[in-house]
Amino acid sequence: MGNDKTNMFVAIGLSLLVLLGWQYFVAGPRVEQQRLIEAQNKAAQQQQQPPGVTPDGVPSPSPKEGGPAAPVPGTVPGQGGPVSREAALTRSPRIRIETPALSGSIALKGGRVDDVSLKNYHETVDPKSPEIVLFSPAGSETPYYAEFGWVGANAGPLPGSETLWTSDGKTLSPGMPVTLTWDNGAGLVFKRIIAVDDKYMFTVREEVENKGSGAVTLYPYSLVSRWGKPHTQGYYVLHEGMIGYLGNEGLQEFTYDKLAKEGAYGGASTKGKAWNGVTGGFVGITDKYWAAAVMPADQDAPYTGAFTDRTDGATNVYQASVRGDAVNLAAGGSATTTQRLFAGAKEVNLINNYEKDLGIKHFDLMIDWGWFFFITKPMFRALDFFFHLFGNFGVSILVVTFCLKLLFLPIANRSYVSMAKMKAVQPEMAAIRERYKDDRMKQQQATMELYKKEKINPVAGCWPVLIQIPVFFALYKVLFITIEMRHAPFFGWIHDLAAPDPTSIVNLFGLLPFPAPDFVHLGVWPLIMGVTMFVQMKMNPAPPDPVQAQIFTFMPIVFTFMLGSFPAGLVIYWAWNNTLSVIQQYVIMRRNGVKVELWDNLRTTFRRGGTKAAATTKG
């Protein structure tokens with residue numbers, strides 16, 4: 001059995017063993033334990049809600065209690081079905097949002113942040129393409145917004161979706177907050193002071209003054225609400241949906257489908273889960289590159305965090321909410337509470353700075369680094385460092401790959417030296433097999449004695465493959481989840497390292513006047529990768545078994561097609577890594593006096609192909 005075949009099969013076997021073991025002994029029991037805890041806590045959670053508040057911690061839909069009305073998703077009460085986003089924006093007077101990173105507006109009717117676009121991000125690599133739209137108002141086709149306010153019983157009318165606020169300004173910008181005011185006519189005066197930084201963080205201070213003659217009890221809340229299930233990528237390595245870090249409860253992630261499987265919560269049409277009395281963290285809704293999240297400014301104050309899926313007709317309303325503890329207002333008293341809203345792009349350094357500067361606990365988990373964060377995070381840091389040095393993420397990938405080769409050089413050298421020694425003793429191994437061809441036990445013993453005498457580790461050749469597996473996965477994860485890689489160009493035709501190579505062999509890489517079909521992703525870089533893999537495999541002698549030899553011959557072709565639809569950055573990494581491995585193995589084999597099989601194997605392969613073709617023609 002050839003050494004290259006042994007290395008490959010051992011690497012694949014060990015990798016599968018690790019993955020299956022992790023799933024069986026760690027991931028599976030954790031999921032089951034979490035399900036049991038959720039079942040035990042659900043009944044208790046449903047008994048701990050204040051008057052006028054649904055179990056998800058948001059305003060009761062009952063208008064008589066002062067909570068916002070619950071319109072049919074995609075509509076505004078009394079105004080018919082969904083309309084265009086532009087038409088929905090005209091249904092309320094507005095305060096303009098203008099920052100270096102954001103544009104949009106706040107609706108004075110309802111006081112919602114419901115119109116946000118990201119100035120620095122576009123739908124395609126064309127800078128003239130439309131900006132990314134994050135929030136849209138109720139009444140549009142895809143409502144998505146943030147809301148703040150108070151809930152409570154016997155407090156008179158409270159601010160809701162139909163409340164018309166007055167404002168002291170017309171534009172919200174960094175350093176220029178706006179104040180919204182509303183008097184409920186029953187003794188309570190509400191103020192909402194909204195500020196925004198130069199990126200994506202809003203700070204909302206809610207003030208209420210009791211000018212009446214009796215005491216009232218209120219509960220502050222904030223939420224992000226999304227009407228209708230959005231299109232999702234659907235990849236296992238990427239979380240999209242509800243996300244939050246809820247104090248001692250830790251990171252909580254619910255996909256839209258998973259949330260729909262939760263039990264009834266506060267009504268037959270609502271499903272979800274709440275966590276009571278937690279401190280620190282955030283809750284929100286995340287896409288691949290964008291997110292919206294709310295959190296208490298005071299990270300030591302207890303709150304109830306919740307995810308809910310409320311259905312109204314054929315539409316789902318997904319909500320992530322924060323509800324604070326009761327605020328008791330005596331006659332003549334006042335109270336203040338402060339919430340924060342993040343609405344923007346998940347830029348790694350910015351997210352980390354918000355966590356550090358604002359004290360938001362584990363806000364870095366807004367980015368899905370995965371179980372192997374101890375690899376993916378350093379990988380991103382390295383790529384980001386060299387990007388700032390060279391100004392190109394593609395070059396950064398090449399440099400990081402080279403640095404990894406240097407880092408693991410001692411292990412790789414021992415591996416390749418062992419492989420070289422294995423090749424050097426092939427004649428002796430063949431003699432052992434011939435001498436003990438009828439006694440496999442003695443054949444194995446003699447082979448192991450030969451290994452011991454020559455100081456050969458027969459499994460050392462697996463290490464380069466095993467090391468490459470986590471590195472490959474980490475780079476794939478970083479390319480897939482981080483917005484920094486989105487629309488990051490390399491050279492030539494690669495304008496987006498996070499997308500597949502746009503060229504195709506079907507139309508001769510654009511020379512023929514028709515577009516390539518979407519299901520065939522076989523561009524220039526996947527072909528380059530296939531060639532490098534083919535050359536690397538030809539560095540070693542072919543397995544003695546003809547079937548195995550054919551399998552190894554076709555492996556580069558299989559990988560070429562398989563990686564054709566992968567991000568271009570990952571294919572470039574693989575091709576470059578193969579090239580470095582070939583050079584390294586060539587040098588080590590020459591230094592150890594072992595014949596390099598590459599040229600002989602290439603001549604044999606093409607001569608065999610030519611001979612077969614001639615024989616076929618002649619026949």
> State which residues pass side chain to side chain contact (heavy atoms under 4.5 Å, CB included) with Ser173; sequence neighbours excluded, sorted by chain then number.
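For Ser173, the residues satisfying side chain to side chain contact (heavy atoms under 4.5 Å, CB included) (neighbours in sequence not counted) are Met176.
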> Spell out, as yes or no, whether a donor-acceptor pair under 3.5 Å connects the side chain of Asp287 to the backbone of Ala291.
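Absent.
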> Answer yes or no: is there a side-chain heavy-atom contact under 4.5 Å between Lys346 and Val348?
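No, every pair of side-chain atoms sits at 4.5 Å or beyond.
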> Determine whether a donor-acceptor pair (N or O, by modelled atom type, separation under 3.5 Å) exists between the side chain of Ser396 and the backbone of Leu383.
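Yes: the side chain of Ser396 pairs with the backbone of Leu383.
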> Looking at every heavy atom in both Arg226 and Ile285, which two are closest together, and how far apart are they?
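Residues Arg226 and Ile285, closest heavy atoms: NH1-CG2, 3.6 Å.
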> Would you compute the distance between atom CE of Met295 and atom OH of Tyr354 and round it to the nearest 0.5 angstrom?
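Rounded to the nearest 0.5 Å, the CE-OH separation comes out at 9.5 Å.
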> Looking at Phe386 and Val400, what are the two nearest heavy atoms and their distance?
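Closest pair (atom of Phe386, atom of Val400, distance): CD1-CG2, 3.7 Å.
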> For the pair Asn578 and Tyr573, evaluate side chain to side chain donor-acceptor pair (under 3.5 Å) and give the outcome as yes or no after the intermediate values.
CA-CA 8 Å; Asn578 287 346; Tyr573 154 77; over 6 Å; no
> Run the side-chain donor-acceptor check on residues 372-380: report pairs under 3.5 Å with partners two or more places apart or on a different chain.
| unit_1 | atom_1 | unit_2 | atom_2 | d |
| --- | --- | --- | --- | --- |
| Thr376 | OG1 | Trp369 | O | 3.1 |
| Thr376 | OG1 | Phe372 | O | 3.3 |
| Lys377 | NZ | Asp364 | OD2 | 2.6 |

> Taking C-beta and beyond as the side chain, do Pro174 and Asp197 meet within less than 4.5 Å on heavy atoms?
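When only atoms from C-beta onward are counted, Asp197 and Pro174 do not touch, as no gap falls below 4.5 Å.
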> Could you tell me the separation between the CG atom of Leu570 and the CZ atom of Phe473, rounded to the nearest 0.5 Å?
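Result: 11.0 Å between the selected atoms.
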> Closest heavy-atom contact between Asn120 and Ala101?
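That closest heavy-atom pairing would be ND2-CA, 4.0 Å.
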> Side-chain contact test, heavy atoms from C-beta onward, threshold under 4.5 Å: evaluate it for Ile194 versus Thr203 and give yes or no.
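With C-beta onward as the side chain, the pair stays apart.
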> Does Phe282 have any ring pair (Phe, Tyr, Trp, His ring centres under 6.0 Å) partners at least two apart in sequence or in another chain, and if so, which?
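By the ring pair (Phe, Tyr, Trp, His ring centres under 6.0 Å) rule, Phe282 matches Phe363.
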> For residues 475-504, which residue pairs pass the salt bridge (Lys or Arg N to Asp or Glu O under 4.0 Å) check, not counting sequence neighbours?
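Those involving residues 475-504 are Asp368-Lys477.
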> Can you see which heavy atom on Glu240 is nearest to which on Lys288, and at what distance?
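Distance-wise, the nearest heavy atoms are OE2-N, 3.9 Å.
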> Does the side chain to side chain contact (heavy atoms under 4.5 Å, CB included) test come out yes or no for Tyr145 and Val224, once each step is laid out?
CA-CA 6 Å; Tyr145 54 78; Val224 288; over 6 Å; no
> I'd like to check Pro130 versus His122 (side-chain heavy atoms, cut-off strictly below 4.5 Å). Are they in contact?
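Not touching, per the 4.5 Å side-chain cut-off.
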> Got a sec, which residues hit side chain to side chain donor-acceptor pair (under 3.5 Å) with Asp257, two or more places apart in sequence or on another chain?
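With sequence neighbours excluded, Asp257 shows a side chain to side chain donor-acceptor pair (under 3.5 Å) to Lys229, given in chain and number order.
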> Taking the ring centre of each residue, are Trp290 and Tyr121 less than 6.0 Å apart?
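Here the rings of Tyr121 and Trp290 have centres that are less than 6.0 Å from each other.
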> Verify, without hydrogens or angle tests, whether Thr482 (side chain) and Leu479 (backbone) share a donor-acceptor contact under 3.5 angstrom.
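The answer is no, because no donor-acceptor pair under 3.5 Å joins these two groups.
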> Any chance you could measure Asp114, atom CG, to Leu89, atom CG, to the nearest 0.5 Å?
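If I round to the nearest 0.5 Å, the distance is 7.0 Å.
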> Taking atom CZ of Phe559 as the centre, report whether more than 12 heavy atoms of other residues, nucleotides or ligands fall under 6.0 Å from it.
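No.
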> First locate atom CZ of Phe566, then atom CE of Met529, and finally report the distance between them rounded to the nearest 0.5 Å.
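If we round to the nearest 0.5 Å, Phe566:CZ and Met529:CE are 9.5 Å apart.
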> Is it the case that the side chain of Asn392 and the backbone of Phe490 share a donor-acceptor pair, with hydrogens and angles ignored and the cut-off at 3.5 Å?
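Yes, the answer is positive, given that a donor and an acceptor are paired below the 3.5 Å cut-off.
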> For Lys119, is the NZ atom crowded, meaning more than 12 foreign heavy atoms sit under 6.0 Å from it?
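Yes, because the 6.0 Å sphere around NZ of Lys119 holds more than 12 heavy atoms from other groups.
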> Any luck finding a side-chain donor-acceptor pair between Lys405 and Ser581 under 3.5 Å?
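Yes, a side-chain donor-acceptor pair sits under 3.5 Å.
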> With sequence neighbours left out, write down each residue that passes side chain to side chain donor-acceptor pair (under 3.5 Å) with Tyr318, or none if nothing qualifies.
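For Tyr318 there are no side chain to side chain donor-acceptor pair (under 3.5 Å) partners, ignoring immediate neighbours.
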> Give, for atom OG1 of Thr532 and atom CG of Asn577, the distance between the pair rounded to the nearest 0.5 Å.
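The distance works out to 9.0 Å.
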> Sub-3.5 Å donor-acceptor pair from the side chain of Ser129 to the main-chain atoms of Thr124, do we have one?
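Such a contact is found between Ser129 side chain and Thr124 backbone.
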> Quick one, Met201 with Arg340, criterion side chain to side chain contact (heavy atoms under 4.5 Å, CB included). Give me CA distance, side-chain angles, the key distance, then yes/no.
CA-CA 7 Å; Met201 189 67 74; Arg340 298 193 194 277; 4.0 Å; yes
> Would you say the side-chain atoms of Thr503 pair up with the backbone N or O of Val524, donor to acceptor, closer than 3.5 Å?
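Pair found, side chain donor or acceptor close to backbone of Val524.
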> Does the side chain to side chain contact (heavy atoms under 4.5 Å, CB included) test come out yes or no for Tyr256 and Thr232, once each step is laid out?
CA-CA 9 Å; Tyr256 297 102; Thr232 58; 3.9 Å; yes
> Using every non-hydrogen atom in the two residues, find where Met485 and Ala498 come nearest and quote the distance to one decimal.
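So the minimum-distance heavy-atom pair works out to O-CB, 3.7 Å.
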> When the ring centroid of Phe307 is compared with that of Phe254, is the distance short of 6.0 Å?
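Between Phe307 and Phe254, the centre distance is under 6.0 Å.
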> Rounded to the nearest 0.5 Å, how far does CD1 of Ile483 lie from CG of Leu118?
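The distance works out to 7.5 Å.
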> With the side chain counted from C-beta on, respond yes when Ser136 and Pro143 share a heavy-atom pair under 4.5 Å apart, and no when they do not.
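Ser136 vs Pro143: side chains apart.
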> With heavy-atom distances below 4.5 Å as the criterion, would you say the side chains of Leu102 and Leu134 are in contact?
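Contact flag for Leu102/Leu134 side chains = no.
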> With distance as the sole criterion, is a donor-acceptor pair present between the side chains of Ser105 and Arg96 under 3.5 Å?
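Result is no, nothing qualifies.
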> Do Trp525 and Trp574 have side-chain heavy atoms sitting under 4.5 Å apart?
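Of all side-chain heavy-atom pairs linking Trp574 with Trp525, none is under 4.5 Å.
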> Can you give me the closest heavy-atom contact between Ala488 and Phe393, atom names plus distance?
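In terms of heavy atoms, the two residues are closest at CB-CD1, 3.9 Å.
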> Please tell me whether Glu347 and Tyr200 have a donor and an acceptor in their side chains that are separated by less than 3.5 angstrom.
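A donor-acceptor contact under 3.5 Å links the two side chains.
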> Can you tell if the side chain of Pro100 reaches within under 4.5 Å of the side chain of Asp198, non-hydrogen atoms only?
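A side-chain contact under 4.5 Å exists here.
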> Quick one: do Ile351 and Ile367 satisfy side chain to side chain contact (heavy atoms under 4.5 Å, CB included)? Show the steps, please.
CA-CA 8 Å; Ile351 293 290; Ile367 299 172; 4.2 Å; yes
